[in-house]
Number of protein chains: 2
Amino acid sequence: MPRPRSLTPAQLASAALHVIDHDGLAGLSMRAVAQQIGMSTMALYRYVNDRDELERLVVDLVFGAVDTTPPAADRPWHQRIEIMADRVRDTVGAHPGIVPLIIAHRHRSTHLLGWSETVTGILAEGGLDGRDRVIALRSLSAYVIGAIQLEHLGPLGGPGTQVMAELPPTEFPYLTETATHARTVTADEEFHGGLANLLRGMTAETGRPA
Amino acid sequence: MPRPRSLTPAQLASAALHVIDHDGLAGLSMRAVAQQIGMSTMALYRYVNDRDELERLVVDLVFGAVDTTPPAADRPWHQRIEIMADRVRDTVGAHPGIVPLIIAHRHRSTHLLGWSETVTGILAEGGLDGRDRVIALRSLSAYVIGAIQLEHLGPLGGPGTQVMAELPPTEFPYLTETATHARTVTADEEFHGGLANLLRGMTAETGRPA
DNA sequence: CTTTTAGGTGTACGGCATACGCTAACGATG
DNA sequence: CATCGTTAGCGTATGCCGTACACCTAAAAG
């Protein structure tokens, strides 16, 4: 009987995401989002308790676009994990500004739970059980989160590598040498190479062939 | 010839760290740090260009406490990597509030470069070269960063696991089952277990025995 | 001493999240 | 069709924040 809402949470999140994509995470403010929508700042508080909740909506919106259906079971399990990891990486890569938000709100996104469920299932089919599976899931999460951050906050080809290359070789012999090779490694190779290492280690643990 | 400085950068960073340890990262402000020191807010700007630089000082102070000397070479290389990882984890664990600062300022800390140099050297002694070593270093960094964040922003025994355990089992069969085992895994086991997986994978790659 | 330089302070501005109280739009009911 | 209860949306105000700027003054060099 009362006045109907003119906005869905998804529309609100979408407006906030648009602000982030356009002006970066630093540009995200209640005022900016309100302007993007064409409402007053305080109107947003009818949809959201505080800024934190708005950020959560954004994370949920982005993760909602991640496909959580299990990949075809005829591939080896480690390859299926790789597909799942790539799906997250690709989705986040389309909105790199939200990376810090993911870390803060990761555990409150229901869509991410769906992703975890699928991954856990694949791990189980790979022969991992009990405590080993707990550790496998957590270390996979840690790697994916860390690698995505590294990729977007300090990319391989970026200034960080440049700094490494220009260090005094006498004091940093290994780093300077490694930096020269770093230029030839793409972001894809880096992500997949590290993931392959982790999966190989989990494989070796169970004694199951890759 | 002019008036001498009454503060070292380290003292400034220490005051800021004290604020963070006491009131959390959200409590960190130029005003709060100035009050902690007993100076006016604007006095800080004689030592630091902006808040960002203050944060950088904090990260440098904390990482300065990380021992970067190579561990005794008579241990197997993967064990030496583990020691290096533990040093970072222990140091950050003493000041969990700075975790988000690490991510933002990681690449500008000279002490962290020293840590990377030592780790890279150990990887080299472990038989990793060229592009494999680049990937090994980056995946190690990704894992350590991600795992530390997971540990402090969403610990295993925390509400996240509780949520997982209470999910509808029909929809999340694997997650709910995994959650029951999660209670028995400590933070140490989780961190070392995942790291062991990663190192095993790197070992397998080179064909070198662990 | 005086001079010079930089350390330290006080004030002010614009931007932020958000508490609070008002107005008016709308669906349901008579 | 008239009325009413509910609540969407807005305007205002408060108290934070970082920091630009002008000022005063401590203290070292001459």
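Order of the sequence lines sets the chain letters (A, B, ...), proteins ahead of strands, with each chain counted from 1.
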*For B/H181, enumerate each residue passing the side-chain contact (heavy atoms from CB on, under 4.5 Å) test, keeping only those at least two apart in sequence or located in another chain.*
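Counting only residues at least two positions away or on another chain, B/H181 forms a side-chain contact (heavy atoms from CB on, under 4.5 Å) with A/V134, B/E177.
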
Could you tell me the separation between the [atom1] atom of [X] and the [atom2] atom of [N], rounded to a whole number of Å?
| X | N | atom1 | atom2 | result |
| --- | --- | --- | --- | --- |
| A/L25 | C/dC16 | CG | P | 13 Å |
| A/D50 | C/dC16 | CG | P | 17 Å |
| B/L28 | D/dC16 | CG | P | 16 Å |
| B/Y45 | C/dG8 | OH | P | 15 Å |
| A/Q35 | C/dC16 | CD | P | 10 Å |
| B/L54 | D/dT19 | CG | C1' | 14 Å |
| B/I37 | C/dG8 | CD1 | P | 10 Å |
| A/E53 | C/dT18 | CD | C1' | 14 Å |

Original post:
Any donor-acceptor pair under 3.5 Å linking the side chain of A/D50 with the backbone of A/E53?
Top reply: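 Here the side-chain-to-backbone pair exists.
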
Has the side chain of A/S109 got a donor or acceptor atom that lies under 3.5 Å from a matching backbone atom of A/H105?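 No, A/S109 side chain to A/H105 backbone: no donor-acceptor pair under 3.5 Å.
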
*How about B/T69 and B/D67: does a side-chain donor come under 3.5 Å of a side-chain acceptor?*
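The criterion, which ignores hydrogens and geometry beyond distance, is satisfied for B/D67 and B/T69.
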
Q. For residues A/R133 and A/T120, is any side-chain donor paired with an opposing acceptor at under 3.5 Å?
A.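 Absent: no donor and acceptor within the cut-off.
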
Checklist entry - Any side-chain heavy-atom pair from B/M42 and B/M30 closer than 4.5 angstrom? => result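 SC-SC contact between B/M42 and B/M30 ruled out.
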
B/S/- along nucleotides 3-15 of chain D (protein heavy atoms under 4.0 Å) is --BBSBBBBB---

Exercise for the section: Would you mind telling me which residue lines up with the more 5' stretch of DNA chain C, A/N49 or A/G27, judged by nearest nucleotide? Expected result: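 Its nucleotide being nearer the 5' end, the pick is A/G27.
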
